[in-house]
Number of protein chains: 2
Amino acid sequence: MKESTVTAYDRFLSMNGLRDTKQRRLIFETFMEQNEHLTAEALYHILQKDLPQIGQATVYRTLKLLCENGFAHELSLHSHGGHAQSSYFEPTLAREHHDHLVCTQCGRHLEFHNEVLETLQEKIAEEYSFELTSHTHVLYGKCKNCHS
Amino acid sequence: MKESTVTAYDRFLSMNGLRDTKQRRLIFETFMEQNEHLTAEALYHILQKDLPQIGQATVYRTLKLLCENGFAHELSLHSHGGHAQSSYFEPTLAREHHDHLVCTQCGRHLEFHNEVLETLQEKIAEEYSFELTSHTHVLYGKCKNCHS
DNA sequence: ATAGATGCAAATGGTTTGCAGCTAT
DNA sequence: ATAGCTGCAAACCATTTGCATCTAT
């Protein structure tokens, strides 16, 4: 049974002694109900529908706080060799852990999860005496539709 | 037996009908003899010792060409949650394929390689009908020295 | 001769920051 | 009352690009 969003928000605030503001609450709630990872800018546009005067800086600041407190993950899914692109963010609560497949042609994103792989990573970290906190694993290639 | 650097350079040129210039040659040779991944700026500083008037743009342009032709890999090793950081580049020839462990505290980078993991990735890609071309796999955590 | 390469400086674009005013406590 | 937040605009910084000049072919 997942923790209710209200409780999670309270926990988020109290973890850092943050104040409860309408911007912060709206960002938290809106972000947490996303099923797909999204960019800070995409989130900003969604938020504007509810609170037109909200600022991008507030969105970035809040996302950063969410990441630092384990409520969000930041992803770099840009195909290397391309130009700078924005990070994606995804809520960690209410979502199983997963990694990504990215099509370098059409940009499509798929998620995958593999337990063997997860275990293997832990073994590798252990081998190097690393205390593993997170990982980035992205497979690049051409998706079904793009390789003729 | 590895291909000699001269031959590789010629191949690099002819693959794209590029001209042989002293900047291009110097960048290619200097980059190819690096054992560690490095940033475009770090490479630029090394190059300046041999060719003080070389421009950053030329370094970036050449690295991009190297990436597009499989002579270099671009890596994003920045610990998420931090600010924008530069990409790292590493030569692909004369180096075995490997992935990275990054210490989020001291920034130390270690390399690892695991065959089971490589095979597993191919299986996953196949499962999703992806034609795999590359991957990014970075494990973040605290290294031996940093976790008390 | 001429298409391509270079270096410079300016532009880009995602993200961060300084600051003056606003608001939760 | 006051420390924390917000929105704005300016600053940042890695990377890219336009352009006039130079150079390999």
Side-chain angles (χ1 to χ4, degrees), chain A residues 9-10 12-28 30-31 37-45 47-48 50-69 72-89, chain B residues 9-10 12-31 37-45 47-48 50-69 72 74-89:
Chain A
Y9 179 64
D10 289 341
F12 172 53
L13 296 184
S14 56
M15 278 172 84
N16 298 58
L18 299 172
R19 289 183 181 175
D20 174 28
T21 67
K22 68 171 176 306
Q23 290 87 340
R24 193 118 75 194
R25 181 189 296 270
L26 178 65
I27 294 171
F28 188 93
T30 307
F31 178 65
H37 45 256
L38 78 180
T39 61
E41 185 154 25
L43 179 58
Y44 171 63
H45 288 312
L47 294 163
Q48 280 188 312
D50 287 312
L51 201 55
Q53 78 280 16
I54 201 164
Q56 300 222 43
T58 305
V59 178
Y60 276 105
R61 283 189 275 238
T62 306
L63 281 172
K64 191 171 197 176
L65 279 168
L66 290 171
C67 287
E68 287 166 3
N69 289 283
H73 269 140
E74 186 179 354
L75 312 168
S76 306
L77 298 182
H78 55 84
S79 332
H80 292 153
H83 355 86
Q85 282 174 237
S86 19
S87 288
Y88 286 86
F89 296 87
Chain B
Y9 179 64
D10 288 342
F12 172 53
L13 296 184
S14 56
M15 278 171 83
N16 296 57
L18 300 171
R19 289 182 180 174
D20 174 28
T21 68
K22 68 171 176 306
Q23 290 87 338
R24 193 119 75 194
R25 181 189 296 271
L26 178 65
I27 295 171
F28 188 93
E29 289 174 351
T30 306
F31 177 66
H37 46 254
L38 78 179
T39 61
E41 184 154 24
L43 179 59
Y44 170 62
H45 288 312
L47 293 163
Q48 280 188 312
D50 285 313
L51 201 55
Q53 78 281 16
I54 201 165
Q56 300 222 45
T58 305
V59 177
Y60 276 105
R61 283 189 276 239
T62 306
L63 280 173
K64 192 171 197 178
L65 280 169
L66 290 171
C67 287
E68 287 165 1
N69 289 284
E74 187 179 352
L75 312 169
S76 306
L77 298 182
H78 56 83
S79 330
H80 293 153
H83 354 87
Q85 283 173 238
S86 19
S87 289
Y88 287 87
F89 296 87

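What you are looking at is a predicted structure, and each value in this text was computed from that prediction instead of being measured. Just so it is clear: chains get the letters A, B, ... in the order the sequence lines come, proteins before strands, and each one is counted from 1.
- At least one side-chain nitrogen or oxygen of B:Tyr60 sits closer than 4.0 Å to the OP1 or OP2 atom of D:dT15.
- Side-chain contact between A:Thr21 and A:Thr58 is absent, with no heavy-atom pair separated by less than 4.5 Å.
- Toward the 5' end of DNA chain C, the nearer of the two residues A:Arg61 and A:Glu41, judged by each one's closest nucleotide, is A:Glu41.
- Note on ring orientation: taking the six-membered ring where Trp is involved, the planes of A:His37 and A:Tyr88 are perpendicular (angle over 60°, cut-offs 30° and 60°).
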Go along nucleotides 20-25 of chain C 5' to 3' and tag each nucleotide: B for a protein heavy atom under 4.0 Å from its base, S when only backbone or sugar atoms are that close, - otherwise.
---BBS
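- Taking only side-chain nitrogens and oxygens, B:Gln23 comes nearer than 4.0 Å to OP1 or OP2 of C:dG7.
- The CZ atom of A:Phe89 sits 10 Å away from the C1' atom of C:dG14 (whole-angstrom rounding).
- Applying the salt bridge (charged side-chain N to carboxylate O under 4.0 Å, His left out) criterion to A:Asp50, with sequence neighbours excluded, gives no partner residue.
- At C:dT15, one or more side-chain N or O atoms of A:Ser87 fall inside 4.0 Å of OP1 or OP2 (strictly under the cut-off).
- Inter-residue side-chain proximity for B:Phe28 and B:Thr62 is flagged as unmet; no heavy-atom pair is nearer than 4.5 Å.
- A:Glu74 places its CD atom 11 Å from the C1' atom of C:dG14, with the value rounded to the nearest Å.
- Taking atom CD of B:Gln56 as the reference point, atom C1' of D:dT15 lies 9 Å away to the nearest angstrom.
- Atom P of nucleotide D:dC5 and atom CG of A:Asn16 are separated by 9 Å, given to the nearest angstrom.
- For A:Arg25, the side-chain hydrogen bond (donor to acceptor under 3.5 Å, both in side chains) partners are A:Asp20, not counting sequence neighbours.
- Atoms OH (B:Tyr44) and P (C:dG7) sit 9 Å apart, rounded to a whole Å.
- Proximity of the aromatic rings of B:Phe89 and B:Phe31 is defined here by a centroid distance below 6.0 angstrom, and this criterion is not met.
- As rounded to whole Å, 13 Å separates atom P of D:dT17 from atom CG of B:Leu65.
- Heavy-atom nearest nucleotides on DNA chain D were determined for A:Thr58 and for B:Ala40, and the one closer to the 5' end corresponds to A:Thr58.
- Residue contacts for B:Gln53: at a heavy-atom cut-off of 4.0 Å it reaches the sugar-phosphate backbone alone, with no base atom in range.
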